[in-house]
Amino acid sequence: GVQTCALPIYGGKGVLTYGYNTLAINEDYAHAYHSTKDHYAYVKNGNGSFSGSNVGKGNWSKIEVAHKGNSITYGNSY
C-alpha cells in the first residue's frame, strides 16, 4: 500500500512528512524540517536505522530506504 502523513512538531516550528510506498518503489521515507534548530530525519525498519543529513534551520533533511518489516519508526531529531 501507500501512505503519507504530515506531523507538525515543536510548537509548529517543525514538520515531519513520512510514510511508505510498497506498491511502486518499495520504500519507507521521512522528510524533516525545522525553522529554528539543526535537525535530521530518520527511519528505523527491519533493515536497521538510517539517517538523513544533519541540516541547519530552515532546510529539509530527507531519508528514503528499502521497506522491510511491519514496525517502522519515523522521526525528526533536533
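Starting from 1, each residue takes its place in the sequence as its number.
- The backbone N or O of A66 lies less than 3.5 Å from a partner atom in the side chain of N47, making a donor-acceptor pair.
- Under the 3.5 Å distance criterion, the side-chain polar atoms of T4 are left unmatched by any main-chain donor or acceptor of G19.
- Cluster membership check: W60 does not share its hydrophobic cluster with I63, using side-chain heavy-atom separations under 4.5 Å among Ile, Leu, Val, Met, Phe, Trp and Tyr.
- Counting all heavy atoms, side chain and backbone alike, H39 lies closest to Y33 at NE2-CA, 3.6 Å.
- Both V65 and Y18 are assigned to one and the same hydrophobic cluster, defined by single-linkage of ILVMFWY side chains at heavy-atom distances under 4.5 Å.
- Counting heavy atoms from C-beta outward, K62 and H31 have side chains that approach closer than 4.5 Å.
- Under the 3.5 Å distance criterion, the side-chain polar atoms of S61 are left unmatched by any main-chain donor or acceptor of A32.
- For I72 against N45, the heavy-atom pair with the smallest separation is CD1-CB, 3.4 Å.
- The heavy-atom pair separating L23 from N21 by the smallest distance is N-OD1, 3.0 Å.
- With hydrophobic clusters built from ILVMFWY side chains whose heavy atoms lie under 4.5 angstrom apart, V15 does not share a cluster with V55.
- The hydrophobic clustering, which links ILVMFWY residues whose side-chain heavy atoms are closer than 4.5 Å, places L7 and Y42 apart.
- In the hydrophobic clustering of ILVMFWY residues, with side-chain heavy atoms under 4.5 Å counting as a link, I25 and F50 come out apart.
- The line from OH of Y20 to CG of N26 is 12.0 Å long, rounded to the nearest 0.5 Å.
- Looking only at distances, no side-chain donor or acceptor of H67 sits under 3.5 Å from a matching main-chain atom of Y29.
- Taken from OH in Y74 to OG1 in T17, the straight-line distance is 12.5 Å, to the nearest 0.5 Å.
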